[in-house]
Amino acid sequence: MDITFLGHSAYLLTQGEHRVLIDPFLSGNEKAPKATGLRADDIQPTHIALTHGHDDHIGDTVAIAKRTGATVYGAFELCEYLGEKGLTKLESGNPGGQIKTDFGFIAFTQAFHSSSTGGRYMGQPTGLIVRMGDTTVYHAGDTALFSDMALIGEVYRPDVAILPIGDRYTMGPELAGRAAEMIKPAKFAIPCHFNTWPPIAVDAARFAPKGVEVKVLEPGEKASA
Ligand code: NI
Ligand code: MN
């Protein structure tokens, strides 16, 4: 699997012909990659998965899904909202649930955060488990630290953990380090949700879990798992 960081919390996971786009906040993000094929108007996902309904996560979902026909996965109320925006290929769920796909599955985990847009409730915020073939990624979404991250690690045995480190709205780097130590990803951890704006500016070097390799990706950069 190739994991391409698209800035903020957005990632493109690719394996064979399958391309899963997570939290595509691209056109409103000055730090999103400008490269052809990674921009909001030309990226080509087969699936889109959302952690929650804040605008820095829904991002360009509606436009990209309409252009590509990609199926969108998200919380029940978030999918209801996207349906009102004209999307028809929607797969809704809630924490604890798993949805089979042609590449494996997408599952929702709990996250400690909020989820709304324009004052409207968007359902529970979630983390995502994406299993493509033999490779499993845990994208924690926007969340606080919680001890059941150890259980998520045991149950899903992720190869890669993607964790927010920007503080203020999510874990900061030290708490995210504790999270990575509990999750114990088999391959590496990737920090996200930092340095997009001044309120979440942090030094990624402070994210230093013991016994877990860290890969800090620049927007547009790719890691193989
Ligand atoms: Ni959020
Ligand atoms: Mn956010």
Side-chain angles (χ1 to χ4, degrees), residues 3-13 20-33 40 48-64 72-82 85 92-95 106-130 137-146 148-149 152 160-177 179-180 183 189-204 206-207 216-219:
I3 301 168
T4 306
F5 182 46
L6 303 176
H8 200 52
S9 280
Y11 289 83
L12 183 66
L13 312 181
V20 180
L21 178 61
I22 298 175
D23 286 1
F25 169 54
L26 304 176
S27 60
N29 181 6
E30 283 175 20
K31 301 200 171 157
I48 300 172
L50 301 179
T51 61
H52 65 294
H54 283 152
D55 295 342
D56 58 321
H57 298 260
I58 295 177
D60 301 291
T61 295
V62 172
I64 296 171
V72 181
Y73 296 72
F76 178 77
E77 291 83 357
L78 172 54
C79 283
E80 282 191 321
Y81 169 80
L82 294 171
K85 297 287 177 191
S92 69
N94 249 322
I106 292 174
F108 300 100
T109 63
Q110 68 269 44
F112 284 82
H113 191 62
S114 58
S115 183
S116 63
T117 184
R120 175 170 166 174
Y121 175 63
M122 289 285 115
Q124 281 267 90
T126 66
L128 298 167
I129 303 286
V130 181
V137 172
Y138 169 37
H139 187 310
D142 283 2
T143 187
L145 177 66
F146 54 95
D148 277 354
M149 285 177 167
I152 290 169
V160 177
I162 298 173
L163 300 170
I165 69 161
D167 217 333
R168 183 181 289 257
Y169 301 107
T170 68
M171 299 182 282
E174 288 77 19
L175 295 183
I183 297 160
I190 305 174
C192 71
H193 212 274
F194 70 104
N195 289 354
T196 314
W197 305 287
I200 56 170
V202 302
D203 178 2
R206 287 168 52 200
F207 176 57
V216 180
L217 301 180
E218 292 300 318

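Along the sequence shown, the residues carry numbers beginning at 1. Each ligand, and each atom within it, is numbered from 1 in the order the structure gives.
Between I162 and F5, every side-chain heavy-atom pair lies at or beyond the 4.5 Å cut-off.
Without hydrogens or angle criteria, T61 side chain to I58 main chain gives a donor-acceptor distance under 3.5 Å. K31 places no side-chain N or O within 3.5 Å of a backbone atom of E218 that could act as its donor or acceptor partner. A donor-acceptor pair is defined here as one N or O able to donate and one able to accept, closer than 3.5 Å; no such pair exists between the side chain of D60 and the backbone of A40. Under a 3.5 Å cut-off, the side chain of H139 and the backbone N or O of G141 do form a donor-acceptor pair.
Legend: salt bridge (Lys or Arg N to Asp or Glu O under 4.0 Å) pairs involving residues 163-174, not counting sequence neighbours, sorted by first then second residue: E174-R206.
Under the 3.5 Å distance criterion, with hydrogens and angles disregarded, a donor-acceptor pair is assigned to the side chains of D55 and T117.
Around the Ni ion (ligand 1), the protein N, O or S atoms found under 2.8 Å comprise H52 NE2, H54 ND1, H113 NE2, D142 OD2.
Here the Mn ion (ligand 2) has protein N, O or S atoms under 2.8 Å from it, and they come to 4.
Listed by chain and number, the residues in a side chain to side chain contact (heavy atoms under 4.5 Å, CB included) with A179 are L145, M149, L163, M171, I183 (sequence neighbours excluded).
Between H57 and H8, the angle of the ring planes lies from 30° to 60°, which puts this pair in the tilted group.
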